[in-house]
Amino acid sequence: MSEYSEKFEKMRVAGKLAAQTLDMLTEYIKEGISTNYIDKLGYEYIRDNGGYSAPLFYRGFKKSLCTSLNHVVCHGIPTEDRILEEGDALNVDVTAIINEHYGDTSRMFCIGKTSVKLNNLIETTYESMMRAIKILKPGVKLGDIGNEIQTYVEKKGFSVVRDFCGHGISTTFHESPNILHYGSKNTGIELKPGMTFTIEPMINAGKFDVKMLNDGWTAVTKDKSLSAQFEHTLGITENGYEIFTESVKGYSKPPYN
Ligand code: MF3
Ligand code: CO
Ligand code: CO
């Protein structure tokens, strides 16, 4: 038994609850429903399964999850007024707390038909996250993670958002270290067994610049280009990594059918 096996057991439970919340939401995320309805369903599901939605009342956030549509980069606030329409690209970001541990994960959802460009952006974003995850093991440096994502994304002609990053996570929502999604190989601190953190690249179709809306939360692309994001919570093991937020239903990226 390693010294972090108890922590990992709790992270598994929290990660699974967050992932199952997204799995459950998948069948509801269709044209005609409001982002607030997604929020309500997510809140109830997490509560009914013994957890609590971490975003609710976190630093004054008033909803249970984030819904970021189209050119919204992250932290979109669910609202009754925004009904999903054909062509929308939505990120839903769920964070569940259970047994004092956090599981944080997000996926993209496409409403109806998707354009080739949107599809390419979503594929690239998912692939960049997975490429970074696959290099994880003790001794790898934080800059290697960022470099893996940035190199892949820029080769595809997209850009990596600089203003938000992944984060350590365990018994607090956001803890050190920051996990930047851009950077240089062989820089930054070394990964060690037992570390738990998120990788959550936000990738823009246009430039990486971000602007904050007046609500103090919603971050949008400055050039109004589309933005996509995926997020996993994971842990570093003796010789690799473990993803805590894998979909139980195989819903890793769209299309989910
Ligand atoms: N889930 C987000 C993250 O990945 C944080 C959302 S904080 C909120 O770190 F308050 F906006 F919900
Ligand atoms: Co996160
Ligand atoms: Co998140």
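Counting starts at 1 for both ligands and their atoms, in listed order. Keep in mind that what you see is a predicted model, and the values were worked out from it rather than measured.
Minimum heavy-atom separation, Phe61 to Cys66: CZ-SG, 3.8 Å. The two residues Glu200 and Gln229 come nearest to each other via the heavy atoms O-NE2, 3.0 Å. Closest approach of Pro201 and Ile149 over heavy atoms only: CB-CG2, 4.1 Å.
Neighbouring protein atoms of the Co ion (ligand 3) (N, O or S, distance under 2.8 Å, waters ignored): Asp93 OD1, Asp93 OD2, Asp104 OD1, Glu231 OE1.
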Let me see the working for Phe208 and Tyr182 under ring pair (Phe, Tyr, Trp, His ring centres under 6.0 Å), right down to the final yes or no.
CA-CA 11 Å; Phe208 61 66; Tyr182 60 96; 8.0 Å; no

Run the side chain to side chain contact (heavy atoms under 4.5 Å, CB included) check on Ile169 and Met11 step by step: do they pass?
CA-CA 9 Å; Ile169 182 170; Met11 292 300 285; 4.1 Å; yes

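Side chain to side chain, Asn186 and Lys141 meet the donor-acceptor criterion of an N or O pair below 3.5 Å. Checking Tyr58 against His174 by side-chain atom types alone, a donor-acceptor pair falls below 3.5 Å. Between Glu175 and Thr172, the side chains place a donor N or O and an acceptor N or O closer than 3.5 Å (distance only, hydrogens not considered).
Nearest-heavy-atom check against atom 12 (F) of ligand 1 across Ala219, Gly60, Pro55, Ser64 picks out Pro55.
Residue contacts with ligand 1 for Cys66 involve side-chain atoms from C-beta outward but no N, CA, C or O (heavy atoms, distance under 4.0 Å). Residue contacts with ligand 1 for Glu231 involve side-chain atoms from C-beta outward but no N, CA, C or O (heavy atoms, distance under 4.0 Å).
For the pair Ser247/Arg107, a side-chain contact is recorded, criterion being any heavy-atom separation below 4.5 Å from C-beta on. Here the side chains of Lys10 and Phe8 are not in contact, with every heavy-atom distance at 4.5 Å or above. For the pair Val160 and His181, the minimum side-chain heavy-atom distance is below 4.5 Å.
Listed by number with element, the atoms of ligand 1 under 4.0 Å from a non-hydrogen atom of Thr95 are 1 (N). With ligand atoms numbered from 1 in the order given, ligand 1 contributes 3 (C), 4 (O), 9 (O) to contacts under 4.0 Å with heavy atoms of Glu200.
Heavy atoms of His75 come nearer than 4.0 angstrom to ligand 1 in at least one pair. A heavy-atom separation below 4.0 Å is not found between Phe164 and ligand 1.
Ligand 1 has a nitrogen or oxygen under 3.5 angstrom from a nitrogen or oxygen of His167. Backbone and side-chain nitrogen or oxygen atoms of Tyr58 are examined, and none is located within less than 3.5 angstrom of a nitrogen or oxygen of ligand 1.
Put simply, Leu22 and Met129 are part of the same group of oily side chains (I, L, V, M, F, W, Y) that touch within less than 4.5 Å, one to the next.
Among all non-hydrogen protein atoms, the one lying nearest atom 3 (C) of ligand 1 is Asp104 OD2, 3.4 Å. Closest to atom 11 (F) of ligand 1, if we only count protein heavy atoms, is Trp217 CZ3, 3.3 Å. Among all protein heavy atoms, the one lying closest to atom 2 (C) of ligand 1 is Asp93 OD2, 3.4 Å. The protein heavy atom nearest to atom 9 (O) of ligand 1 is His174 NE2, 2.7 Å.
Within the 6.0 Å centre-distance limit, the rings of Phe164 and His75 are counted as a close aromatic pair.
The distance from the Co ion (ligand 2) to the nearest N/O/S atom of His174 is not under 2.8 Å.
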